[in-house]
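Here's the structure we're looking at; comments come further down.
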Amino acid sequence: MKEIKFNIPLHLNESIKNVKKFLDSKKPLHGPGKNILRIKDEVKNKFGFKTTHLTNSCTSALEISALLLNLKKDDEVVVPSFSFITTASSFARTGCRLRFCDIEQRNLMPSFSQIKKCINKRTKAIVIVHYQGFSIDYLDKLQIFCKKKNIILIEDAAQGFGSYFKNKPLGSFGDLACFSFHETKNLHSGLGGMLVVNNKKFIDRSYLIFDKGTDRHLVQTNKKKYYSWVELGSSFLLSEFAASYLLPQILYFRRNNIVRSKLYNRYLYNFKDWHKDQFFLTNVHRYKYNFHAFVILLKNNKREHFLKYLKKNKINAVISYTPLHRSKAGKKYQINKPKLINADKYINRIVRLPLHNYLKNKEIDYISEKIKQYFNRY
Ligand SMILES: *Cc1c(COP(=O)(O)O)cnc(C)c1O
């Protein structure tokens with residue numbers, strides 16, 4: 001068996017052709033041009049996202065979201081302790097305080113009561129993370145709750161492109177939603193991302209912040225002759241060049257998702273009779289799913305031992321995030337010293353198994369077998 005990589009980024013022949021066609025056209029590489037417009041059209045038609053900005057990362061989309069909120073220093077933003085760093089840092093850098101939230105063992109996301117525990121009159125926003133491309137099972141209720149309490153809901157859907165809650169795509173529930181097209185995600189442009197603006201009150205300013213704090217979009221739509229500085233923004237744009245690579249992946253999203261689903265379901269099948277003494281499966285998909293990650297949760301604290309064993313058998317599995325409320329910067333920007341019992345207990349037991357479009361069935365069987373052997377031995 002050859003070394004099994006954790007991830008091999010999706011790479012389509014259609015992308016190569018489209019990039020070549022774009023370069024041959026000698027159109028400006030910065031854009032926005034036809035490829036960006038086409039992506040915006042596609043996500044509008046497929047998912048109903050009306051106002052979108054193609055960004056150079058999900059982090060940029062999160063930072064635009066944070067800037068849109070006009071947070072003050074006593075304002076609080078609720079973030080799960082189990083997420084990627086920039087889910088938290090994008091807000092912390094505006095000067096507000098973070099309130100880290102615990103997670104459940106079942107799906108590694110916060111429960112409604114864990115979120116509610118973090119709410120008070122200073123709460124301005126809640127960031128909900130669709131870990132593994134799953135959603136929490138109360139997303140519609142949370143949406144209503146936030147409206148009633150005048151709290152802005154932000155979806156960190158970095159991993160959630162193409163997944164649904166009930167019959168609506170992830171990214172259509174929050175006032176704002178952020179996607180990633182980093183090459184570790186299902187579809188990508190090396191680096192890339194997208195902000196979806198669902199709340200109308202944020203639309204106008206989102207254009208300004210997105211494009212360096214200028215009103216250049218008015219020049220692009222022939223509403224103004226020259227653009228000028230009107231806001232504090234930054235350079236958040238995805239280049240047209242990168243978009244020419246990304247577009248075919250968006251167009252052929254369903255086709256490639258089927259490949260992932262087969263691999264994912266093979267893992268599930270292989271582990272179906274597994275007695276759950278040593279690890280849990282954390283798959284919870286009930287709605288249309290993008291098969292982003294295959295994650296297991298160990299029942300013991302010997303993750304390093306387990307990873308070393310896999311590595312010795314040429315299997316590259318990885319850990320997920322480290323707890324934000326325990327990090328150096330997390331401690332500095334959080335409002336309190338929260339007792340996050342589950343986060344402390346479970347985050348260091350999470351293992352992500354290899355999953356990418358070029359994985360073979362026999363490799364999945366090999367990985368599953370090696371894991372079973374490990375747990376029969378230890
Ligand atoms: C990958 C990821 C990000 C960051 O995405 P970038 O595009 O690399 O900025 C943020 N949040 C979550 C949950 C992620 O998985």
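All residue numbers refer to positions in the sequence shown, counting from 1. In each ligand, atom 1 is the first atom listed, and ligand 1 is the first ligand listed.
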Q: Might you work through the side-chain hydrogen bond (donor to acceptor under 3.5 Å, both in side chains) test for Glu76 and Asn120, ending with a clear yes or no?
A: CA-CA 9 Å; Glu76 295 184 15; Asn120 60 48; 3.0 Å; yes
In terms of residue, atom name and distance, what is the protein heavy atom nearest to [atom]?
atom                    : result
atom 12 (C) of ligand 1 : Ala158 CB, 3.3 Å
atom 9 (O) of ligand 1  : Thr59 OG1, 2.6 Å
atom 5 (O) of ligand 1  : Cys58 CB, 3.3 Å
atom 4 (C) of ligand 1  : Phe84 CD2, 3.6 Å
atom 8 (O) of ligand 1  : His182 CD2, 3.6 Å
atom 2 (C) of ligand 1  : Lys185 NZ, 2.8 Å

Any atoms of ligand 1 less than 4.0 Å from a non-hydrogen atom of [X]? List them with their elements.
X      : result
Tyr321 : 12 (C), 13 (C), 14 (C), 15 (O)
Val129 : 13 (C)
Thr87  : 11 (N)
Gln159 : 15 (O)
Ser57  : 7 (O), 9 (O)

Q: Determine whether the side chain, the backbone, both or neither of Asp156 has a heavy atom under 4.0 Å from any heavy atom of ligand 1.
A: side chain
Q) Where is the tightest heavy-atom contact between Pro338 and Gln334, given as atom of each residue plus distance? A) CD-OE1, 3.5 Å
Between [X] and [Y] (judged by ring centroids, cut-off 6.0 Å), do the two rings come close enough to count as a pair?
X      : Y      : answer
His53  : Phe236 : no
Tyr264 : Phe291 : yes
Phe306 : Phe375 : yes

Q | ligand 1 contact by Gly192, heavy-atom criterion under 4.0 angstrom | A | yes
Q: Assess Phe179 for proximity to ligand 1: is some non-hydrogen atom of it under 4.0 Å away?
A: no
Q | With Phe49, the ring-ring contact (aromatic ring centres under 6.0 Å, His included) member among Phe173, Phe161, Phe179 | A | Phe179
(Q) Run Glu231 and Arg205 through salt bridge (Lys or Arg N to Asp or Glu O under 4.0 Å) and show every step you take. (A) CA-CA 8 Å; Glu231 254 279 3; Arg205 278 181 64 233; 2.6 Å; yes
Q: Identify whether the distance between the nearest side-chain nitrogen and carboxylate oxygen of Glu3 and Lys311 falls below 4.0 Å.
A: yes
Q. Heavy atoms only: which of Ala293, Ser180, Ser189 is nearest to atom 7 (O) of ligand 1?
A. Ser180
Q.
Any non-hydrogen side-chain atom of Leu238 less than 4.5 Å from a side-chain atom of Met194?
A. no
Q. Once the angle between the rings of Tyr374 and Tyr309 is folded into 0 to 90°, is it parallel (under 30°), tilted (30 to 60°) or perpendicular (over 60°)?
A. tilted
